[in-house]
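Worth saying up front: this structure is predicted, and the values here are computed from it rather than measured. Chain naming here is simple, since letters A, B, ... match the order of the sequence lines and numbering starts at 1 in each.
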There are 2 protein chains.
Amino acid sequence: MKGNSGRQQLLDAVIEHFTDDGLADQSLRHIAAGVGTSHRMLLYHFGSKEELLVAVARAVEERTLDQFAAVSGAGEATTDEVVRLMWAHVADPALGDFERLFFALYGRALQGDERMRPLLGENIQRWLDANVAAAATQGVPAETARVHARLGLAVTRGLLLDLLATGDRAGTDAALDAFARHYSGTWCEATIESAS
Amino acid sequence: MKGNSGRQQLLDAVIEHFTDDGLADQSLRHIAAGVGTSHRMLLYHFGSKEELLVAVARAVEERTLDQFAAVSGAGEATTDEVVRLMWAHVADPALGDFERLFFALYGRALQGDERMRPLLGENIQRWLDANVAAAATQGVPAETARVHARLGLAVTRGLLLDLLATGDRAGTDAALDAFARHYSGTWCEATIESAS
DNA sequence: CCCTTCATGTACCAAATGGTACACTACGAG
DNA sequence: CTCGTAGTGTACCATTTGGTACATGAAGGG
C-alpha cells in the first residue's frame, strides 16, 4: 500500500523542490539531491520518473482544490464576492512560486502526458460542481451558477497568469476590480441592478 | 536577421513538431528526427538546445501577437466586441494544438528559464499598448482602455485554458457570452476610477 | 532469536544525451 | 580554375540518464 509516511513526506519535499527550482529538465538525481535523498529512493517509492511526475501533478491538483474549498466554503457568495475572495487569496505573492509550478504542470499536462490530462478536467469540473452546490442553497439555478463560476475561475486564472508574468499587481488588481464591479450582486444575468 | 532561409524553415518545422508531439523531455535527436534532419543541423543553426528553445518561444510569441493584431486591427471595438472576436478566433479547434504549445511554453517560461521570461511580459504589454492606442482614436482614456483590455485578455486566456482542458465548448462559450453581455457597450462610463 | 518486511545505500549498466572535430559538398565571386 | 563560405554527414566523446541487482539495516512478530 501507498504508506502515507515516507512516501508522502518525500512527495511534499519534491513539490517544494519543484516550486523553488522549476520542474523542467530535472533528472531524478537532481531532484533527489534537492530533497536530500538518493535517486534510488525516488525510484523505490514511485517506481519510475513518470510516475513521480504524475504523483506530483495529482498532489498539486489536490492542493489547489483545497485552496478553492477554503474560498467557496465561506458561506454566502455572489459572483463578485467569490472572485474577490479568490483573487485576494491567489494573488498573494507568497504563493507565487507555487502558482508558477501549477501553471508549468498544467501546460505540460495539456500537451501529451496522457496520464495527467484527466486531472485537469476534473480540477475544473469539481470547482464548478462545488459552486453550483453552494449556489443551490441560495435558490440559484444550476445552469446560471455554473456559467458564473466558470467565468469567475477564468478571470482569476487569466489575471493570475498576467500577474505572474508582468508582476504588475496594481494593474491586475484594477482589472479584477473592474470585473467584480460589473458583476456586483449578480446572481442571474437578467438582474443587473443599476445601483451604484 | 539570421538568414530567413534555412534557419527559419527549420524553426517552423520544429514548432510544428512541438505542436504535434509536445515539447517536454524531447532530445535534440528526437526533434531532429521529427523534422527530418539531424541533431547536428539543429546545433549548427541554433548553437545549443537552450537557444533552440528560446528561438521557438520567441517565434511562438510573435505568432500569437499576430493573432492579436488580426483581431484588434478590425477597426472600432468596445470591450465586448473585441472579446467576442478574440474568442471566436482563439477557440477554433484547428488551433487547439498550437494553443497547447503556447501554454506549455508559457508555463515553462514562468518557472526559471530566465531567458524566456521577459518575452511573457512583453507579450501582454504589447497587447495592452495596441488596445490603448486603438481606444485613443475613440477618445477613450488610456487608463480605462488598459484595464478593459487587460480584463478581456484574462477572460479569453482563462476560458481557453478551460476549453483546452475540458473540451467543453458549449460551456466556455456560454461563460464568454455572459461576460460580453455584461460588458456590452462599455467603454468608460461604468468605470470611474477615482482611486486604486 | 530468527524470520520477514520495509527501507536504504552502493555499485553498476546499457542507452541516450548535448556537444565537438573533421571531412566533404555545393556554389558563387574573383 | 580557385578559393572561401555556408551547409551537411559521419564519427566520436565524456557525461548523464533512468533503471536494476544486491547487500545491508532496522523493526517487529512468532
Provide, to the nearest angstrom, the distance between the CZ atom belonging to R7(B) and the P atom belonging to dT8(D). 14 Å

How would you list, by chain and number, every residue that makes a side chain to side chain donor-acceptor pair (under 3.5 Å) with H89(B), sequence neighbours excluded? none

Considering only nitrogen or oxygen atoms on both sides, find all protein atoms under 3.5 Å from nucleotides 24-29 of chain C and state each distance.
none

Name all residues meeting the side chain to side chain contact (heavy atoms under 4.5 Å, CB included) criterion together with A104(B); count only those two or more places apart in sequence or in a different chain, and write none if there are none. Q111(A), L23(B)

Could you state the CD-P distance from Q9(B) to dG7(D), rounded to the nearest angstrom? 12 Å

Strictly by salt bridge (charged side-chain N to carboxylate O under 4.0 Å, His left out), give each pair with a member in residues 128-140 of chain A just once, sequence neighbours left out. D129(A)-R146(A)

Backbone of N123(B) reached by a side-chain donor or acceptor of E61(B) within 3.5 Å: yes

Residue list, salt bridge (Lys or Arg N to Asp or Glu O under 4.0 Å) with E62(B), at least two apart or on another chain: R126(B)

Would you tabulate the side-chain donor-acceptor contacts of residues 168-175 of chain A under 3.5 Å, counting partners in other chains and residues two or more places apart, or write 'none'?
from    : atom 1 : to      : atom 2 : distance (Å)
D168(A) : OD1    : A170(A) : N      : 3.4
D168(A) : OD1    : G171(A) : N      : 2.7
D168(A) : OD2    : R150(B) : NH1    : 3.0
D168(A) : OD2    : R150(B) : NH2    : 3.4
R169(A) : NE     : D173(A) : OD1    : 3.1
R169(A) : NE     : D173(A) : OD2    : 3.3
R169(A) : NH1    : A91(A)  : O      : 3.3
T172(A) : OG1    : D168(A) : O      : 2.9
T172(A) : OG1    : R169(A) : O      : 3.0
D173(A) : OD1    : W87(A)  : NE1    : 2.7

Distance in angstrom units between L42(A) CG and dG19(D) P, rounded: 11 Å

Under the rule for side chain to side chain contact (heavy atoms under 4.5 Å, CB included), what residues qualify as partners of A13(A), not counting sequence neighbours? V35(A)

Only counting residues at least two apart or in another chain, list the ones meeting side chain to side chain contact (heavy atoms under 4.5 Å, CB included) with A57(A). L105(A), M116(A), L119(A)

Separation of dA11(D) atom C1' from M41(B) atom CE, nearest Å, is 14 Å

Do nucleotides 12-20 of chain C as a string where each nucleotide becomes B, S or -: B if the base has a protein heavy atom under 4.0 Å, S if just the sugar-phosphate does, - if no protein is that close. B----BBBB

Paired runs of 3 or more consecutive Watson-Crick or G-U pairs involving DNA chain D, with both pairing distances under 3.5 Å, are C:1-30 with D:1-30

Residues two or more places apart in sequence or in another chain: which of them pass side chain to side chain contact (heavy atoms under 4.5 Å, CB included) with A136(B)? none

Residues 21-47 of chain B vs salt bridge (charged side-chain N to carboxylate O under 4.0 Å, His left out), sequence neighbours excluded, gives R108(A)-D25(B)

